[in-house]
*Asks:* 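Structure in structure tokens, see below.
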Amino acid sequence: MDKPVLIMVVGPTGVGKTALSIEIAEYFGTAVISADSRQIYREMRIGTAVPSPEELERVPHYFIGKLSVKEYYNSWEYERDALAVAERIFRNRPYAVLCGGSMMYVDAVCRGMDEAPDISPGLREEVCREYADYGLEHMLAILKELDPVFYAEVDRNNPKRVLHAVEICRAAGRPCSDLRKKEKKKRDFDMLRIGLDMPRPELYDSIDKRVDDMMARGLEEEARRLYPFRAFNALNTVGYKEWFDYFEGKIEKEEVVRLIKRNSRRYAKKQLTWFRKDKDITWFHPDMREEIFSYLRCPKVWNLYGAGD
RNA sequence: GGGGAGAUACCAAAGCGGCCAACUGGGGCAGACUGUAACUCUGCUGACUUAUGUCUUCGUAGGUUCGAAUCCUGCUCUCCCCA
């Protein structure tokens, strides 16, 4: 019962996770660990809605602007790094706040990623080329041979998943299904999961407004600066990739804005789908500050009577 | 006032006698997803309901036909051209 507590604030993009997480961190006198796979890149600020300088002043933040878009990073590394940071915070504080909408990063902390080999750029390229030259059917045949178990369960329409499985099998020298364990990893802290959600029209409206705000603050310029790096995975991101088509004269500027809004809405939906599966999350409307804080002070009572939905 | 074109599901837009509950796109909804994940992939989108089921739809009211979104007539509305 004396374990430290990781307070997690999750939810779709644009609900207001940042503001809440800072309030919570201030209240408990602790720091915010960002679980956002794009705010981690320092060149992407406007389009990823990083906390403002004032907000960053209020409370220590981790994983904001830590990397360059040219650096490779993944959820496995995030798990390792985030746990290390949490441990450091817990050395002299009983609480920490984890805030983010990157499903897989949150999962990495909650459940943990299984061991897997590193994929060298060379191998990745090789597999990509095979796919380009011979097609998905060919890659499926390879996977079937390397790992019949995984072959049976992959989404065979999904090239990315298939290719990645092939990569892992080759790099590991054994079936990738061998590497997957079904249990969650043990963590030496408790977790309190707060989900933020609001009625869909309200959420979509908030997203639209935020995109307009990004436009006003110079998103186009930011994207233009990053255009040379478009091939890096970091730039395969809503709010940036749409611009690249515009820079190449493929679409109009109005269309860019429309697409960013739409893709943000879709992203928000995917996040909700993902987080809904986690039955340990207690959901709140972001305006329910009193309820949220009383839940944080006394989570057991809330769990007893059921909070949120 | 005269002539012409058109009215299709949330929007746009195909269909022009049966294979149509109706192509396609947009928008939306739902879901999958353990090392690229703001990625990548899937399903649904008339209702009831989930089945190779029933019912109600293609401006509206009638008609022709075994059978109509598709043909004919009246009406309503929209658009374009000439006055």
Side-chain angles (χ1 to χ4, degrees), chain A residues 10-14 17 34-41 44 47-50 67 69-82 100-121 123-125 127-128 131 136 139-140 150 153-169 171-172 176-185 200-201 203-204 207-208 210-211 214 223 231-243 255 258-278:
Chain A
V10 301
T13 187
K17 298 187 291 294
S34 162
D36 189 303
S37 69
R38 300 295 127 129
Q39 291 182 355
I40 199 170
Y41 294 108
M44 300 163 69
T48 59
V50 291
L67 303 171
V69 293
K70 286 172 276 189
E71 292 178 82
Y72 175 82
Y73 198 67
N74 62 38
S75 50
W76 160 257
E77 294 172 282
Y78 178 76
E79 176 186 353
R80 177 197 63 205
D81 298 343
S102 294
M103 299 86 91
M104 192 105 119
Y105 280 24
V106 172
D107 237 39
V109 170
C110 291
R111 188 184 52 181
M113 311 297 290
D114 287 324
E115 208 61 42
D118 284 329
I119 310 298
S120 69
L123 175 58
R124 177 145 292 171
E125 219 173 290
V127 171
C128 278
Y131 170 56
L136 186 59
M139 301 313 288
L140 280 166
F150 192 71
E153 62 192 43
V154 243
D155 177 357
R156 290 174 209 169
N157 288 309
N158 193 331
K160 215 150 181 174
R161 298 281 130 85
V162 173
L163 298 191
H164 191 231
V166 171
E167 287 173 348
I168 295 176
C169 293
C176 65
S177 54
D178 279 8
L179 303 168
R180 288 170 72 149
K181 301 167 189 150
K182 52 268 171 206
E183 317 108 40
K184 291 181 181 176
K185 290 187 192 166
R200 214 49 77 78
L203 177 64
Y204 288 0
I207 288 172
D208 287 350
R210 194 162 75 161
V211 172
M214 288 174 180
F232 288 97
N233 184 250
L235 273 311
N236 187 188
T237 299
V238 175
Y240 296 89
K241 57 183 175 185
E242 294 85 356
W243 285 107
E255 185 67 355
R258 207 203 105 234
L259 289 174
I260 292 176
K261 287 177 178 174
R262 183 195 67 182
N263 292 339
S264 297
R265 290 194 289 272
R266 291 183 175 173
Y267 174 48
K269 258 182 62 58
K270 280 191 283 190
Q271 290 172 301
L272 286 166
T273 298
W274 182 289
F275 291 128
R276 268 196 294 245
K277 278 191 303 191
D278 185 345

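Any value given below was found using the heavy atoms of this structure, including those in side chains, with hydrogens, waters and symmetry copies removed. Computed from a predicted structure; not experimentally measured. In the text below, chain A, chain B and the rest are named by the order of the sequence lines, each starting its count at 1.
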*Asks:* With respect to the side chain of A/Lys269, which nucleotide from B/C29, B/G28, B/U40 is positioned closest?
*Replies:* B/C29
*Asks:* Base, sugar-phosphate, or nothing: which does A/Arg111 touch, judged by heavy atoms less than 4.0 Å apart?
*Replies:* base
*Asks:* Using the side-chain heavy atoms of A/Val238, tell me which of these nucleotides is nearest: B/C39, B/G28, B/A32.
*Replies:* B/C39
*Asks:* Classify the nucleic acid contact of A/Glu77 as base, sugar-phosphate or nothing, counting any heavy atom under 4.0 Å across all strands shown.
*Replies:* nothing
*Asks:* Give one of base, sugar-phosphate or nothing for A/Gly47, where a contact means two heavy atoms less than 4.0 Å apart.
*Replies:* base
*Asks:* Between B/C19 and B/U52, how far is it from one C1' atom to the other, in whole Å?
*Replies:* 15 Å
*Asks:* Given B/G28, B/U36, B/G31, identify the nucleotide with an atom nearest to the side chain of A/Asn233.
*Replies:* B/U36
*Asks:* Looking at the side chain of A/Asp118, which of B/G35, B/C33, B/A38 is the nearest nucleotide?
*Replies:* B/G35
*Asks:* Ignoring backbone atoms, establish whether A/Arg262 has a side-chain N or O less than 4.0 Å from OP1 or OP2 of B/G27.
*Replies:* yes
*Asks:* Which of the following nucleotides, B/A38, B/C39, B/G27, is nearest to the side chain of A/Ser37?
*Replies:* B/A38
*Asks:* So what's B/U73 paired with, Watson-Crick or G-U wobble, going by both distances under 3.5 Å?
*Replies:* B/A61
*Asks:* For A/Arg276 and for A/Ser102, locate the closest nucleotide of RNA chain B by heavy-atom distance; then report the residue assigned to the nucleotide nearer the 5' terminus.
*Replies:* A/Arg276
*Asks:* For a side chain to side chain donor-acceptor pair (under 3.5 Å) check, start with the C-alpha distance between A/Arg210 and A/Ser264, then their side-chain angles and the critical distance, and finish with the verdict.
*Replies:* CA-CA 10 Å; A/Arg210 194 162 75 161; A/Ser264 297; over 6 Å; no
*Asks:* Starting from the 5' end of RNA chain B, give me the residue, A/Met113 or A/Thr237, whose nearest nucleotide shows up first.
*Replies:* A/Met113
*Asks:* Which of the following nucleotides, B/A38, B/A32, B/G26, is nearest to the side chain of A/Lys277?
*Replies:* B/A32
*Asks:* B/U52 pairs with which nucleotide, Watson-Crick or G-U wobble, both distances below 3.5 Å?
*Replies:* none
*Asks:* Would you kindly give the CG-to-C1' distance between A/Leu140 and B/U40, to the nearest whole Å?
*Replies:* 14 Å
*Asks:* Could you state the CG-P distance from A/Asn157 to B/U42, rounded to the nearest angstrom?
*Replies:* 5 Å
*Asks:* When you compare the side chain of A/Tyr131 with that of A/Val166, does any pair of heavy atoms fall below 4.5 Å?
*Replies:* no
*Asks:* If pairing requires Watson-Crick or G-U wobble contacts with both distances under 3.5 Å, which nucleotide is the partner of B/A5?
*Replies:* B/U78
*Asks:* Return the nucleotide paired to B/U40: Watson-Crick means purine N1 to pyrimidine N3 with N6-O4 or O6-N4, wobble means G-U with N1-O2 and O6-N3, both under 3.5 Å.
*Replies:* B/A32
*Asks:* Once you apply the 3.5 Å cut-off to both distances, tell me the Watson-Crick or G-U wobble partner of B/C66, or none.
*Replies:* B/G18
*Asks:* Closest to the A/Asp114 side chain: B/A32, B/U34, B/U40?
*Replies:* B/U34
*Asks:* Tell me, please, whether A/Trp274 has A/Lys270 positioned over its six-membered ring: NZ or CZ under 6.0 Å from the ring centre and within 45 degrees of its axis?
*Replies:* no
*Asks:* Could you check whether the rings of A/Tyr73 and A/Tyr78 sit parallel, tilted or perpendicular, using 30° and 60° as the cut-offs?
*Replies:* perpendicular
*Asks:* If the cut-off is 4.0 Å, is A/His164 near the phosphate of B/U36, judged by side-chain N/O to OP1 or OP2?
*Replies:* yes
*Asks:* Can you tell me the pairing partner of B/G25 across any strand shown, Watson-Crick or G-U wobble, with both distances under 3.5 angstrom?
*Replies:* B/C11
*Asks:* Does a side-chain N or O from A/Arg180 land closer than 4.0 Å to OP1 or OP2 of B/U34, or not?
*Replies:* yes
*Asks:* If I take atom NZ in residue A/Lys261 and atom P in nucleotide B/G27, what distance separates them, rounded to the nearest angstrom?
*Replies:* 13 Å
*Asks:* Just checking A/Tyr72: base, sugar-phosphate only, or nothing, at a heavy-atom cut-off of under 4.0 Å?
*Replies:* sugar-phosphate
*Asks:* Where the side chain of A/Tyr204 is defined as all heavy atoms beyond and including C-beta, which of B/C33, B/G27, B/G28 is the nearest nucleotide?
*Replies:* B/G28
*Asks:* From the list B/G35, B/A38, B/C29, which nucleotide is the closest neighbour of the side chain of A/Arg200?
*Replies:* B/C29
*Asks:* Can you tell me which nucleotide in B/G27, B/G35, B/A32 comes closest to the side chain of A/Arg265?
*Replies:* B/G27
*Asks:* For A/Tyr78, answer base if it contacts any base atom (sugar-phosphate contacts may also be present), sugar-phosphate if it contacts only those atoms, and nothing otherwise; contact means non-hydrogen atoms under 4.0 Å.
*Replies:* nothing
*Asks:* Mind checking if A/Arg80 touches a base, just sugar-phosphate, or nothing, with heavy atoms under 4.0 Å?
*Replies:* nothing
*Asks:* Could you state the CE-C1' distance from A/Met104 to B/U34, rounded to the nearest angstrom?
*Replies:* 6 Å
